[in-house]
2 protein chains.
Amino acid sequence: MEGFSLELSDQPESLEQILVDCRDTLKYGVRTGHPRFFNQLSTGLDIVGLAGEWLTSTANTNMFTYEIAPVFVLMEQLTLKKMREIVGWPDGEGDGIFSPGGAISNMYSVMVARYKFFPEVKTKGMTAAPRLILFTSEHSHYSLKKASAALGFGTENLILLNTDERFSLYLTCMSGYVPMFVNATAGTTVYGAFDPINEIADICEKYNMWLHVDGAWGGSLLMSRKHRHKLHGVERANSVTWNPHKMMGVPLQCSAILVRERGLLQGCNSMCAGYLFQPDKQYDVTYDTGDKAIQCGRHVDIFKFWLMWRAKGTVGFEQHIDKCLDLSMYLYNKIKNRGGFELVFNGEPQHTNVCFWYIPPKLRSLPDGKERRERLHKVAPKIKALMMESGTTMVGYQPQGDKVNFFRMVISNPAATRSDIDFLIEEIERLGHDL
Amino acid sequence: MEGFSLELSDQPESLEQILVDCRDTLKYGVRTGHPRFFNQLSTGLDIVGLAGEWLTSTANTNMFTYEIAPVFVLMEQLTLKKMREIVGWPDGEGDGIFSPGGAISNMYSVMVARYKFFPEVKTKGMTAAPRLILFTSEHSHYSLKKASAALGFGTENLILLNTDERFSLYLTCMSGYVPMFVNATAGTTVYGAFDPINEIADICEKYNMWLHVDGAWGGSLLMSRKHRHKLHGVERANSVTWNPHKMMGVPLQCSAILVRERGLLQGCNSMCAGYLFQPDKQYDVTYDTGDKAIQCGRHVDIFKFWLMWRAKGTVGFEQHIDKCLDLSMYLYNKIKNRGGFELVFNGEPQHTNVCFWYIPPKLRSLPDGKERRERLHKVAPKIKALMMESGTTMVGYQPQGDKVNFFRMVISNPAATRSDIDFLIEEIERLGHDL
C-alpha cells in the first residue's frame, strides 16, 4: 500500500497513470504462471488459453441465451458431450453446465440429487422432505460443507467418513434419516487420493443414493490412458465435477458439472423468466441454457478451453497430465530417502500431490513427542514466509488431523521441469537449515 | 454448424486452423458492443475495461487468499468500501464480496439474512428454523425464486407482492410463519421501476425483517447526482446487490453484494479449510477473503472495474449514466405520440427501460379484443426474428402479466446515440409494416 496508490477519485487519472497502474499491478502481483509456483492446483499460463480468454472478453457476451452467444453455446454443448463420453456414459448422453468453479459445481450436484428424490423441495422447501443425510470422506473438499450449509441441509447432516466400514455402520443405524447423497472424491485436495468409486457405487445402488464424483482435481486424469484407471467406476456416478482450470491448465475460471440424467438440471433450477426465455423465439429454445443454472448472466468459460483442446488435441492434454505425474514421481523418489525429509505417506503419489515434512537439523535428534511436534509445526510456515520474502518459489502447507504442518507439493504447470523440483528441495533446505 | 466445424479431436489442429477458429468465432458471434445492440442490460465494450480484463487473465490468479492476489484483494477491499460509502453507510463500514453475477449476489443476501436470524441453520439445516417467509415484488428478478428454491425455503414461501396493501395484509395474517426477508428492487428488469425503499424499510423495521435492495440494474444510479434520489432510503438496507457489469459498462462478470453488518458473510459461509486459510501465515489473515464466499476459487472481477474507475473517475460513470438516461427520455418522447407505437406505461421512464408495442397498420383499426391481442402478441417476436436475420439491431421483448408481447428497450452502452435510437424506431417500422 506504500508505493502504489489504489485510491478511487471523482476525477479521471491520466492515461500515463493508468499505464503505471497496470505495470504496478503486475509488479506487485504473484507470478502464478511461473514454473516454480506450486502453491495452488491452478498454475501455469497456457498461451492459447490466454488468447481464448482475450477473445472471450472482447466478445463480452453471456451464456444464458443462444441468441446472443450462438457459437459459445454450441461449443459448450459439444465439449460437455465430449467430457461425458470420456467419463464413459453411453454416447455421451446426459447434461451439464460450466459453473464459476468446483464449489458451485459440487453445489449443483447436491441440488440436482435433492430434486431427483424430493422434487417438492423446490416449491415447498426443506420441510417437505424427511431429514436428509449426505456423505463424503473426511478428506473431501470443504465445498461440500459449504453446500450443506447453504442449501439448508446443515453441516451436521453431512457425515464425514474415514473408512467404508463406518459407512455401512452409519447406513444401518440411521432410522428416521434418509441417506440421499454420497460424494466420492477423485483426487483429494491435500493428499491427491482417489476414493474407491466402484465400491461406493455398490453401496449407493443398494441404498438408492445419488453418487457424485468430485473430480475437480482428479477428473482430468480421465484424459490419460495411463492414469484413468484411478477413476475406475466413474461411469457409475450420477454426476461428476471436473475442473479444466486445474490439472489441464485452462485459465481460471473453467469448471464443469456433468449430470447423467438429462432434464434434472432444468427441472431443478428453471423459473421460466419471460424476458429471457421466450417460448416463441425463432430458434429451438432448448439451446437456451440459462434456466439450467442458478445464475442468470453466466460468463463465457468455454471458449479458452475449447480452443486449447483444438490446439493440443486430446493427446496434448494427455501428455501434459502424464508429464506432471511423472514429475511428482521424480519428486517423490528424490525425497523418499533424503536426509531431513519425511513423507506424510510412504506410498507412491496417486496424483501430483506429494506431502512431506522438512526436519531442520536441530530437530532431527529430538525424540518424537510434544516438543518435537510443536517445533516441527512451526517449520513449514516459517520456511514459506522466507520463500515469499525472497520471492523464489511458493508451495502450500497445512496441518491435517493429528499431523502437524507439512508441505503439500502439487504440480499442474506444464512449464515445470525437474530442475524446478530440484530447486524447490534445495530452497527448502537452504531456508530451513537453521530453524 | 455448417461452415464452422467445432469438433474436438485426438490430434492437434494447425496454428492456421486455430486462427481461423478465432476469426469464425467472432464472425458468427453477436456484436454485443455495437451501439445498436439493445437486447440486454449488459452492452458496450469499454476499452479500459477490456484492457483490465486482458491483464486479469494474464495474471491468472485467484481471489481466495491474499498471498496469491495481494493487489487484487486490496483493490476489492477499497472498491467495496467506496461502494458502501456511495450507498450511504457511515464511513463505508460493512462488508461485501464480488460474486459471479447478480443472481448469486441476491442468493448471498438471503443466506446472510438467514444466518443473522437463525444461525443454527448452518449446522442443523432448515428444520432448525420455523417456516420462513421471504417477500419480493412481482416484478423482481427471477433470481429470488432461484435462491428460494436452492437454499431450501421453497418458492411457495417467497411471496410475490404487487402493492404495499397486500404486503401489510400478509404480515398480519401469517400466524405460524416468520417473515424474515424483503427484497426491494431498484430498477426492475423489464420496466426499470424502483420500489419505494423508505416505505419498505419502515415495514421491515416494524417486523424485524432483513431488507435487501436488489440494485443489480438500478444500483449504478447512485453514481449520478441527478438520479440517485430514485434509491432514496437505500442506506437503510441491510444488504445491496449492485452489478457494475450492467449500467456502468464493466465487462462481464462484475457484481457485488454489500452487507451492512460486518462478520455475517464470514460467519455464514466460513468452513476454515486448513489447506487455504492457515491461521499461522506471516500476514494479517483477515485479508484472505475466500471463506466469506460460497465459492472456493474465485475469479478476479475487480481489476477491470477498478481500472475503469481510475480512468473515468466517479464523474465519468456519472456522465455515462446520465447520458443513457437522457437517451431513454429521447426515445420515450419520440414514440409517445408516434403513430403505430403504444407505450406500456404512460409515465416517464425511471431507468433506461422503455416498454412499448408496435402496432402494424393492419392491426390499428381492429377493436381491442381477443383477435387483436392474439395478433399483436405475435408481432414483436416476428420483428425480432427479422431483425436478427438482417443483423441490423437487436432488442428484447416479452409478455408480462396480462400484457401481450411488447418490446423492452434498454440503453447501457455509452456508444449509443440519438441516431441509433432513430434507427431502431425506423427499423421496427420497416420490418413490422406489413405484418
Side-chain angles (χ1 to χ4, degrees), chain A residues 6 8-13 18 25 28-30 32 45 53-54 57 59-61 68 71 78 82 100-101 103 122-126 142-143 145-146 149-157 190 251 253 271 273-275 280 282 294-297 299 309-316 381 385 398, chain B residues 6 8-13 18 25 28-30 32 45 53-54 57 59-61 68 71 78 82 100-101 103 122-126 142-143 145-146 149-157 190 251 253 271 273-275 280 282 294-297 299 309-316 381 385 398:
Chain A
L6 303 177
L8 299 170
S9 310
D10 286 349
Q11 298 303 319
E13 304 286 343
I18 296 300
T25 299
Y28 295 107
V30 172
T32 61
L45 186 61
E53 193 67 341
W54 285 18
S57 29
N60 195 31
T61 195
I68 66 161
V71 181
L78 187 142
K82 189 91 181 173
K122 180 178 179 180
T123 49
K124 300 196 180 299
M126 284 296 269
Y142 72 110
S143 55
K145 287 189 198 170
K146 293 217 176 201
L151 303 178
F153 292 87
T155 51
E156 287 177 7
N157 297 311
V190 175
Q253 59 191 39
M271 295 294 162
Y275 78 98
D280 48 9
Q282 90 276 34
I294 54 168
Q295 303 185 263
C296 171
H299 189 260
W309 203 327
R310 292 279 282 186
K312 283 170 175 287
T314 309
V315 296
Q398 66 284 299
Chain B
L6 302 176
L8 299 170
S9 309
D10 287 349
Q11 299 302 320
E13 304 287 343
I18 296 301
T25 299
Y28 294 107
V30 172
T32 59
L45 187 61
E53 193 68 340
W54 286 17
S57 30
N60 194 34
T61 195
I68 66 162
V71 181
L78 188 141
K82 190 91 183 171
K122 180 179 179 179
T123 49
K124 300 196 180 302
M126 285 296 269
Y142 73 109
S143 54
K145 287 190 200 170
K146 294 217 176 201
L151 304 179
F153 293 85
T155 51
E156 286 178 7
N157 298 310
V190 175
Q253 59 191 45
M271 296 294 162
Y275 77 98
D280 48 9
Q282 89 276 32
I294 53 166
Q295 303 186 262
C296 172
H299 189 261
W309 203 327
R310 293 279 282 185
K312 282 170 175 286
T314 309
V315 296
Q398 65 285 300

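Note that the structure is a prediction, hence the values are computed from the model and not measured. Chain identifiers are assigned alphabetically (A, B, ...) following the order of the sequence lines, protein sequences preceding nucleic acid strands; residue numbering begins at 1 within each chain.
The distance from atom CZ of A/R310 to atom CD of B/E13, rounded to the nearest 0.5 Å, is 4.0 Å. Going from atom OG1 of A/T123 over to atom CZ of B/F153 covers 15.0 Å, rounded to the nearest 0.5 Å. For the atom pair A/Q295 CD and B/K146 NZ, the distance stands at 9.5 Å (nearest 0.5 Å).
Only the side chain of B/V190 comes within contact range of chain A, judged by heavy atoms closer than 4.5 Å. Interface remark: B/T25 contributes backbone and side-chain atoms alike to the contact with chain A (heavy atom separation under 4.5 Å). For B/K312, the part sitting under 4.5 Å from any heavy atom of chain A is the backbone (N, CA, C, O) and nothing else. Both the backbone and the side chain of B/Y275 come within contact range of chain A, with heavy atoms under 4.5 Å apart.
For the set A/V315, A/L45, A/L78, A/D280, the entry with the most heavy-atom pairs within less than 4.5 Å of chain B is A/D280. The candidate from A/P12, A/G125, A/A273 with the greatest count of non-hydrogen atom pairs under 4.5 Å with chain B is A/P12. Heavy-atom pairs under 4.5 Å with chain A peak, among B/V71, B/N60, B/T32, at B/N60. Chain A forms the most heavy-atom pairs under 4.5 Å with one residue out of B/M126, B/E156, B/K145, B/H299, and that residue is B/E156. Counting heavy-atom pairs under 4.5 Å between each of A/E53, A/M271, A/K82 and chain B puts A/M271 at the top. For the set B/G297, B/G29, B/P251, the entry with the most heavy-atom pairs within less than 4.5 Å of chain A is B/P251. Ranked by non-hydrogen atom pairs under 4.5 Å with chain B, the options A/A59, A/S57, A/G101, A/G316 are led by A/S57. No other option in A/N157, A/I294, A/T61, A/L151 has as many heavy-atom pairs under 4.5 Å with chain B as A/L151.
Among all heavy-atom pairs drawn from B/A103 and A/C296, the shortest one is CB-N, 3.5 Å.
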